[in-house]
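Counting begins at 1 with the first residue of the sequence. Ligands are counted one by one from 1 in listed order, and the atoms in each one are counted from 1 as well.
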Amino acid sequence: MANFNFFAPTQVVFGKGAERQTGALVKAQNCRKVLLHYGGGSAQRSELLDRIRESLRTEQIEFAELGGVVPNPRLSLVYEGIELCKREQIEFILAVGGGSVIDSSKAIGYGVVNDGDVWDFYDRRRQASACLPVGVVLTIAAAGSEMSNSSVITKEDGGIKRGYSSNLCRPKFAVMNPELTMTLPHYQTASGCTDIMMHTMERYFTNNGGNMELTDGIAEALLRTVMKNAVILHRDPNNYEARAEVMWAGSLSHNGLTGCGNGGDDFSVHALEHELSGMYDVAHGAGLAALWGSWARYVYRDCLHRFVKFAVNVMDVPAGADSEATARKGIEAMENFLRSIEMPVSLRELGLSLSENNLRLLAQKCGIATGGTKGSAKKLHEADMLEIYRMAL
Ligand code: NZQ
Ligand code: ZN
């Protein structure tokens, strides 16, 4: 097992009616004034926002509001939020929504307490020294941002999507009521389940880990649990237990737990996908689904023992004498699962018809974003990235 540093400081308040505790949780943070940050309308329609406002008022917490976060959250709204927070002397940001709202909140949090342009952190020019504290009321199980150290923002000019990771932005608390996710359209539920699995697989497929029996067991159980419950939600979206399993899996998939001892994550599929959603504004989880099979077929020989283990322990493929064949069956089985929940397994199925020039631009941008190489299952260079995009057509 490789050395690791696991830091998961977020208080999780989970279950039916959990959002009623929001005011009290914010109050415990000892802040004078809060920014209530949210998305494009779902939290308004479900009246969740009204309940949160009420909960804040009950605790006599002053707040300002900024809505309008879109999926693949934009830098321009982050700038607006930073100005608002400075003007209103905001001390805490409450994100009500999914990964996009949470990431926008984290970015605003960096921008308020660090001088200069907040984009510098995402552009890898310098490191933040602090972040305004962030709390979360989660409405979609997907990105795992409610416990993660990461935030991903898109700069409109050039469609440049970049992540910045630092423990400074890990949320203080995450309120998670699985019932709040029942209003999601199926496509978002399925994209979320896909993203959750990808966070786990990006840590599972590594060549650096050595022995990691417990971490592998957790990762494999997480993957099997999400697959089983994604299928249940496909036919029964109001199934509370399935919503709950998926929501908890979302947090554990990206708080670092399933990477403990792996000696370094892969995260190539994420790097490839961030270019897609930056340029073409697709749903992140669906973008990952469209690329994963091509990535897996491109790299599996370089990480064969892990792909065989995955095929047998997660996808129920009988272990055969031919390891490569077993690995390929595991990849096929994962793609079939994605199809079964109506996720795309190619760029065409994702709705994109891309020219060779488009693909070259994606690979070039991915090369720049990753600093030249990415991956621990197989180290990818720009030429490899291009080949994977081509295979995904
Ligand atoms: O804006 P509203 O109206 O709320 O609609 C949202 C949005 O259209 C809707 N939605 C959310 N909760 C809902 C709901 N609709 C009905 N009922 C509900 N309860 O769902 C849509 C997607 O929301 P979004 O927040 O974009 O989803 P997700 O959580 O998948 O976040 C995606 C973003 O997170 C980034 C992605 O790249 C993408 O930008 N990621 C962030 C990570 C992190 N910070 O750790 C890691 C991930 O790998 C990922 O890259
Ligand atoms: Zn993701």
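Under a 3.5 Å cut-off, the side chain of Arg243 and the backbone N or O of Asn177 do not form any donor-acceptor pair. In this structure, Arg74 contributes its side chain and Pro71 its backbone to a donor-acceptor pair below 3.5 Å. The backbone N or O of Ala283 sits nowhere less than 3.5 Å from a side-chain atom of Ser191 that would complete a donor-acceptor pair. Without hydrogens or angle criteria, Ser105 side chain to Val134 main chain gives no donor-acceptor distance under 3.5 Å. Listed for the Lys106 side chain is a donor-acceptor partner under 3.5 Å among the backbone atoms of Ser150. With Arg203 contributing its side chain and Ala219 its backbone, the two residues share no donor-acceptor pair below 3.5 Å. The backbone N or O of Asp195 sits nowhere less than 3.5 Å from a side-chain atom of His284 that would complete a donor-acceptor pair.
Residue contacts with ligand 1: Gly163 is excluded, as none of its non-hydrogen atoms falls under 4.0 Å. Residue contact annotation: Met182 has no non-hydrogen atom under 4.0 Å from ligand 1. Using a non-hydrogen distance threshold of 4.0 Å, Gln44 does not register as a contact of ligand 1. At a 4.0 Å cut-off, at least one heavy atom of His199 sits close enough to ligand 1 to count as contact.
Under 4.0 Å from ligand 1, not a single heavy atom of Met198 appears. By the criterion of a heavy-atom distance under 4.0 Å, the backbone of Leu180, and not its side chain, is placed next to ligand 1. Under 4.0 angstrom from ligand 1, the non-hydrogen atoms of Leu184 come from both its backbone and its side chain.
For the atom pair Met198 CE and His270 NE2, the distance stands at 8.5 Å (nearest 0.5 Å).
For the Zn ion (ligand 2), the count of nearby protein N/O/S atoms, taking only those under 2.8 Å, is 4.
Side-chain contact check for Ser145 and Asp103: at least one donor-acceptor pair (N or O, by modelled atom type) lies under 3.5 Å.
Residue Lys106 has no N or O atom closer than 3.5 Å to an N or O atom of ligand 1. Of the N or O atoms in Thr181, none lie within a sub-3.5 Å distance of an N or O in ligand 1.
Scanning the protein for heavy atoms near atom 22 (C) of ligand 1, the closest one is Gln188 OE1, 3.5 Å. In terms of protein heavy-atom proximity, atom 41 (C) of ligand 1 is nearest to Asp103 OD2, 3.0 Å. Closest to atom 50 (O) of ligand 1 among all protein heavy atoms lies His274 NE2, 2.9 Å. Among protein heavy atoms, atom 27 (O) of ligand 1 sits closest to Ile140 CD1, 3.9 Å. The closest protein non-hydrogen atom to atom 38 (C) of ligand 1 is Lys161 NZ, 3.7 Å. Protein heavy atom in closest approach to atom 34 (O) of ligand 1: Ala143 CB, 3.7 Å. With hydrogens left out, the protein atom closest to atom 30 (O) of ligand 1 is Ala142 CB, 3.4 Å, a heavy atom. Counting only heavy atoms of the protein, atom 17 (N) of ligand 1 lies nearest to Thr183 OG1, 2.7 Å.
Ligand 1 places these atoms under 4.0 Å from at least one heavy atom of Ser148: 43 (C), 44 (N), 45 (O). Atoms of ligand 1 lying under 4.0 Å from at least one heavy atom of Asn72, given by number and element, are 38 (C), 39 (O).
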Using the rule given for side-chain hydrogen bond (donor to acceptor under 3.5 Å, both in side chains), can you reason through Glu245 versus Asn229, listing the C-alpha separation, both sets of side-chain angles and the distance that settles it, and then say yes or no? CA-CA 7 Å; Glu245 295 293 343; Asn229 289 289; 5.1 Å; no

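Under the 4.0 Å distance rule, the nearest protein heavy atom to atom 46 (C) of ligand 1 falls inside the cut-off.
Aromatic ring pairs are classed by plane angle as parallel below 30°, tilted from 30° to 60° and perpendicular above 60°; the pair Tyr110 and Tyr164 is perpendicular. Between Phe310 and Trp292, the ring-plane angle classifies as tilted under the 30° and 60° cut-offs.
Cation-pi geometry between Lys16 and Tyr240 is satisfied (NZ or CZ under 6.0 Å from the ring centre, within 45° of the ring normal).
For the side-chain contact (heavy atoms from CB on, under 4.5 Å) with Thr181, the lone residue among Met176, Gln188, Met247 that qualifies is Met247.
The heavy atom nearest to atom 28 (P) of ligand 1, out of those in Ala286, Gly99, Gly285, Gly40, is found in Gly99. The nearest non-hydrogen atom to atom 32 (C) of ligand 1, considering only Ser100, Pro71, Ser42, comes from Ser100.
Contact of the Leu350 side chain with the Leu276 side chain is registered, since non-hydrogen atoms from C-beta on lie closer than 4.5 Å.
Counting heavy-atom neighbours within 6.0 Å of Lys33 NZ, excluding the residue itself, gives a total above 12.
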